[in-house]
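Since we're looking at a predicted model, the values are computed, not measured. Every chain is numbered from 1 and lettered A, B, ... according to where its sequence line falls, protein lines coming before strand lines.
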Protein chains: 2
Amino acid sequence: MARELLEALDQAGVRLTGPRRELAALIARRTGHFTAADLLADAEQRSLGIGRATVFRLLELLADQNLVERVDLPDGRHAYVPCEPSHHHHLVCVSCGAISEVDDCGIDAVTAEAARRSGFEIQSHRLELFGRCPRCQNVEPRQ
Amino acid sequence: MARELLEALDQAGVRLTGPRRELAALIARRTGHFTAADLLADAEQRSLGIGRATVFRLLELLADQNLVERVDLPDGRHAYVPCEPSHHHHLVCVSCGAISEVDDCGIDAVTAEAARRSGFEIQSHRLELFGRCPRCQNVEPRQ
DNA sequence: ATCAGTATTGAGACTAAGTCTCAATACAAG
DNA sequence: CTTGTATTGAGACTTAGTCTCAATACTGAT
């Protein structure tokens with residue numbers, strides 16, 4: 001998966017540098033969502049000597065490329081999740097942080113209806129679903 | 001509208017203090033969304049001598065009471081919008097910041113479908129729609 | 001292979017956002 | 001009025017993110 005990220009960056013015409021390769025590998029081995037601080041901590045733990053700015057710069061690049069998406073957690077923090085570049089939404093497990101992608105599911109009808117009622121010209125939307133993944137439901141049922 | 005905020009705070013069993021009254025009035029005279037910094041600036045401009053912490057504390061209180069909702073702007077900033085305490089979603093005008101509330105519009109069907117497909121047990125969701133309000137469409141058509 | 005030009009880098013200063021502590025104050029119930 | 005306690009502002013502190021700049025390292029051309 002790190003490979004895919006790097007290929008996509010290559011396609012985008014940016015240089016494939018050491019720090020970028022290393023960060024791509026760190027992202028690839030993460031499961032679920034992570035924050036910029038998580039990634040920075042990973043890098044520091046391995047003494048990769050990667051600066052804070054570089055982490056933010058890469059995340060921005062990946063987000064531009066839709067290889068990673070920014071998710072606003074219910075507690076207000078910003079996290080990222082690696083994902084397919086097509087438009088979709090995320091299900092975030094509030095227990096373990098696991099992420100699942102869902103594609104359209106009919107939200108277009110909802111936005112069209114909202115546009116009709118309000119007169120707004122809708123350009124984009126963001127739908128985030130929070131709950132518990134199947135695994136966490138089994139571990140601690142009906143909490 | 002400041003009155004409504006204060007009444008609701010009273011209901012919630014907190015004290016109706018000077019700073020809270022003043023901030024409620026500032027919120028009431030705002031249109032569209034605003035950030036904590038905006039409110040703080042308003043207060044400073046009027047030399048109300050209200051501390052940063054007080055502003056954040058009140059916003060948290062109001063959010064707990066669902067009198068104000070936190071919105072994550074596309075650029076990643078956090079904003080607040082005063083609103084009805086019932087569940088609903090917001091349309092945010094990216095030109096002028098105007099806010100419009102939309103109620104359900106069939107999103108429950110979407111979340112149910114997503115839950116079915118993923119096996120998640122969905123607890124909450126957040127839908128934000130960004131676009132241009134009717135007024136801004138007229139000012140600068142088809143931008 | 002090497003070179004040259006330029007994108008990218010890390011360090012660290014800086015800004016902004018938000019939290020926390022604590023002594024002083026002000027509300028509200030009696 | 002008095003008194004107990006919630007709330008306050010100041011300001012230190014933390015965390016998130018940006019910016020600058022000189023040094024480095026890709027990459028494409030040679």
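- The side chain of B/T17 lies closest to C/dC27 when the candidates are D/dT18, C/dC27, C/dT9.
- Atom CG of B/D38 is separated from atom P of C/dG18 by 11 Å (rounded to the nearest Å).
- The side chain of B/V14 sits closest to D/dT7 out of D/dG17, C/dT21, D/dT7.
- At whole-Å resolution of the value, CD in B/E60 and P in C/dT19 are 7 Å apart.
- In this structure, A/R117 contributes its side chain and B/V102 its backbone to no donor-acceptor pair below 3.5 Å.
- For B/R15, taking side-chain heavy atoms from C-beta onward, the closest of the listed nucleotides C/dG18, D/dT27, C/dC27 is C/dC27.
- At a threshold of 4.0 angstrom between heavy atoms, the contacts of B/R52 include nucleobase atoms, whether or not backbone atoms are also involved.
- The backbone N or O of B/T35 lies less than 3.5 Å from a partner atom in the side chain of B/D38, making a donor-acceptor pair.
- Along DNA chain C, the nucleotide closest to B/R57 and the one closest to B/H78 are compared, and the more 5′ of them pairs with B/H78.
- Taking the six-membered ring where the residue is Trp, the centroids of A/H78 and B/H78 are separated by under 6.0 Å.
- Computed from coordinates, the A/D75 CG to C/dA17 P distance equals 18 Å when rounded to whole Å.
- Among the heavy atoms of the strands, none lies under 4.0 Å from B/G76.
- Spacing between atom CZ of B/R20 and atom P of C/dT25 amounts to 19 Å, rounded to whole angstrom units.
- Centroid-to-centroid, the aromatic rings of B/H125 and A/H89 stay 6.0 Å apart or farther.
- Counting only heavy atoms from C-beta on, A/A53 has its side chain closest to C/dA11 among D/dT27, C/dA11, D/dT5.
- Closest to the side chain of A/P19, out of C/dA17, C/dT9, D/dG17, is C/dT9.
- Distance A/L59 CG to D/dT18 P: 10 Å, rounded to the nearest Å.
- Of all nucleotides listed (D/dG17, C/dG18, C/dT9), C/dG18 comes nearest to the side chain of B/R70.
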